[in-house]
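Note that this is a predicted model, so its numbers are computed, not measured.
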Amino acid sequence: MARVDYTQYWGIAQVAYSDIRTKHKFLLLTMLVSAMFLLVLACGDSDDDEVTVTATATSQSQFAATATSQPQVSATNTPAPANAGGPSGSIVAALEDVGVPIGTPGLCVPGCANEKYFFSAFDTLVQWSADDKAVGGVAESWELAPDLSKFTWHIRKGIQFHKGYGELTAEDVAFSTNQVNSNTNPDSVHDVAGDMSCCYGPTTVVDRYTAETEIINYDSRAPGWLFSNLRDAYGISSKAVFDEYGSEGMRDVFVGSGPYQILEWLDGDRLVLEAVEHYRKTPDVMNVLVLEVPEEASRIAMFIADQADITHVSLPNVARLESEGGVKRLLETVITHVGFAPNFLEKTNPKTGEPLDNPGFDPSLPWVSDPFAAGCNWDVLLEEVPNEADVCDEMNNPRKVRLAMAMAINQDALVEGLLSNLGFNACNWAISTKDPVHNDNWCVPYDPEGARQLMKEAGYENGFDGVGIWVGNEPTELHQAVSSMWAEELGIITEFHTGPFSVWQPVFVDRSLKHLVFDGEQGGMPAHYAKGREAQAWFDGGIMWSGGIPFYQRIYGDMLSEPDITKRNAMAVSFANHERFWTWEIGVWEQPVYTIYNGDRLTWKLNSHSIHTQVSNYVYPLEDLALK
């Protein structure tokens, strides 16, 4: 099909949203959601009380004018592999969003740092390969000290920053690492601020091509974890840019060293990339335009009309795009779960030994256990599975409420109604049912009668209201459906609280959050990776939206320092057994996540991969795409 001017496309699809409220029954909700989506695809317009959202885009001619070639510098002293004719041609990706453009490493709110390297514009210290190995990146090699006290990074010579900012050196590595680490930059709001704070001290320059990172608590997942593209990490930024512009001025300056340089990055609109010569692989495709297209119906229409080469859709629509020439590529599975903040129950910070401040802790909330009440024994929280007789009512009744809320969720109905049976049920919130260590005993059965009995025992036979759920900018069908189940089966009434992450970020960090949060955990993350990541104070200084659980604090620290995978797997089993008793978090479902690309125009043979499921990863790695 011929590629046409983008401006002709935008009249094709407009997206209608129905006002579906929590009080509706689940069956009605499912029918409305299905009908709404069919209406969007068939008509593109809205009537009555529906709200129409219209998107805008750049035309092909505008894109060509914006992404003009600029002088390029050699990325390395060793010639990079490339097609004989060099990069050529262009592709368009239509994504739900284009991320959060912030150039300053320490000011990068969760998401934007990953976006920099998932858009192939920045490099990480270590590269995670398609065959799941840590290989050389900016650091062509590294050493872990025998006493586990430091990493020594040997920086690849000849890497050039984009836009004439010179060679990448150990000084840039130290600057970037210290910027994101909350131990060295207390003002960091970076995605890895909490992870880094648990384990790493300053990064220092040894010489021009050597840097050292102090290890304060050895992490058995490193260096793949935090230092590579595997999941959350950070790209290496130019200290020269920071010196020139300062922290605030650098916000809008994007200078990396990846296979693509950023020509333009506009919040809520577009990202324009241009290929450069690169030590890892010089791209085949010269120009990449990433458009923000929030509405799924619009992304579908763009792909069918040949206006987008790469996109992503909900599971029920993957097959439709396959029938239109799309090829699906599995990114990962994601376990959606509900975190029951504010169960901030820890006493001390494991990194400092200092008492913890828990401003969000509120035992008046029916789902919050109170181990500090008179007659209660806090120490049972450190046991793998305590004897229920040893658990005081102030701790046990909220446990029964949490368990009842889990038992009231009909996962089969959710998977059928919202995922067209293309997903599957979740049990433990951090261990996939496909993982070899999984145990069916960790699954919570759908049992509304049993759930109501637990609510009665806990003193809430008629339910309760005032359950706040942070839903991001707007509630999803899943938020609506689960809330409907709680209302219908248990009389629990929820309230949706909206707002971007950047606004809510402070309460996620300072342990003052009092809302439930639907979060996602990568199903492909091995069981032997340290568990309880965002629910205990090893993560203090980072996001804490799942409470603060004493047993998690202990197991996380033990798993970090244990080099033996078999022993870490056994610890993961203890973690899951503990979670099954206390129900600190609820698994809702697990679903595969696919990116879709145009198989008639593109091939995509991966040399690198990531297990992250954020939107920017749908186009990663761009340098591995080739035009047919």
Side-chain angles (χ1 to χ4, degrees), residues 12-18 20 26-27 29-44 46 50 53 55 93-98 291-305 307-337 409-426 471-484 518-523 587-598 612-619:
I12 295 176
Q14 294 178 320
V15 180
Y17 292 100
S18 296
I20 305 173
F26 173 65
L27 180 59
L29 167 67
T30 306
M31 294 172 63
L32 283 173
V33 170
S34 301
M36 174 188 71
F37 197 70
L38 290 173
L39 176 63
V40 169
L41 296 182
C43 304
S46 59
E50 294 170 336
V53 181
L95 302 184
E96 184 178 3
D97 65 71
V98 295
L291 294 175
E292 181 160 315
V293 186
E295 302 82 12
E296 180 166 314
S298 298
R299 297 197 299 273
I300 291 173
M302 285 185 75
F303 192 87
I304 293 173
Q307 297 307 306
D309 301 295
I310 306 172
T311 194
H312 59 106
V313 293
S314 59
L315 274 179
N317 285 303
V318 169
R320 177 176 183 189
L321 293 194
E322 286 184 291
S323 71
E324 297 286 346
V327 176
K328 69 180 180 183
R329 177 168 74 83
L330 178 67
L331 297 183
E332 181 54 279
T333 65
V334 60
I335 306 169
T336 299
H337 56 97
I409 297 176
N410 188 340
Q411 291 195 36
D412 289 337
L414 292 174
V415 170
E416 179 181 3
L418 299 181
L419 299 181
S420 297
N421 283 323
L422 298 173
F424 42 96
N425 292 2
V471 296
N473 290 329
E474 61 180 343
T476 65
E477 295 94 342
L478 184 61
H479 289 123
Q480 300 277 10
V482 171
S483 294
S484 295
F518 284 56
D519 192 20
E521 190 78 359
Q522 277 67 46
V588 177
W589 68 25
E590 185 171 355
Q591 61 172 315
V593 178
Y594 298 103
T595 187
I596 309 292
Y597 64 94
N598 186 332
H612 216 301
T613 53
Q614 74 177 78
V615 171
S616 55
N617 193 28
Y618 288 114
V619 297

### Message
When you compare the side chains of Glu332 and Thr613, does any donor N or O come within less than 3.5 Å of an acceptor on the partner?
### Response
no
Donor-acceptor contact present, side-chain [X] to main-chain [Y], <3.5 Å:
| X | Y | answer |
| --- | --- | --- |
| Ser323 | Arg320 | yes |
| Arg299 | Pro294 | yes |
| Glu96 | Val615 | no |
| Glu521 | Ile335 | no |

### Summary
Residues at least two apart in sequence or cross-chain that pass side-chain contact (heavy atoms from CB on, under 4.5 Å) with Gln411, listed by chain then number, are Ile409, Asn425, Ala426
Closest non-hydrogen atom pair between [X] and [Y], with its separation:
| X | Y | result |
| --- | --- | --- |
| Ile596 | Gly326 | CG2-CA, 3.9 Å |
| Asn617 | Leu331 | O-CD2, 3.9 Å |
| Pro592 | Gly423 | CD-CA, 4.2 Å |
| Ser298 | Val293 | CB-CG1, 3.5 Å |

Could you give the distance from [atom1] ([X]) to [atom2] ([Y]), rounded to the nearest 0.5 Å?
| X | Y | atom1 | atom2 | value |
| --- | --- | --- | --- | --- |
| Glu416 | Leu422 | CD | CG | 11.0 Å |
| Gln522 | Gln614 | CD | CD | 9.0 Å |
| Ile310 | Arg329 | CD1 | CZ | 8.5 Å |
| Trp589 | Leu418 | CH2 | CG | 4.5 Å |

Taking only residues two or more places apart in sequence, or in another chain, which ones meet [X] in a side chain to side chain donor-acceptor pair (under 3.5 Å)?
| X | result |
| --- | --- |
| Asp97 | none |
| Thr311 | none |
| Thr476 | His479 |
| Thr595 | none |

Would you say [X] and [Y] make side-chain contact, with heavy atoms under 4.5 Å?
| X | Y | answer |
| --- | --- | --- |
| Tyr594 | Leu315 | yes |
| Val313 | Phe303 | no |
| Ile300 | Ile304 | yes |

#### Entry: Pairs flagged by ring-ring contact (aromatic ring centres under 6.0 Å, His included) wherever residues 310-334 is involved - sequence neighbours left out
His312-Tyr618
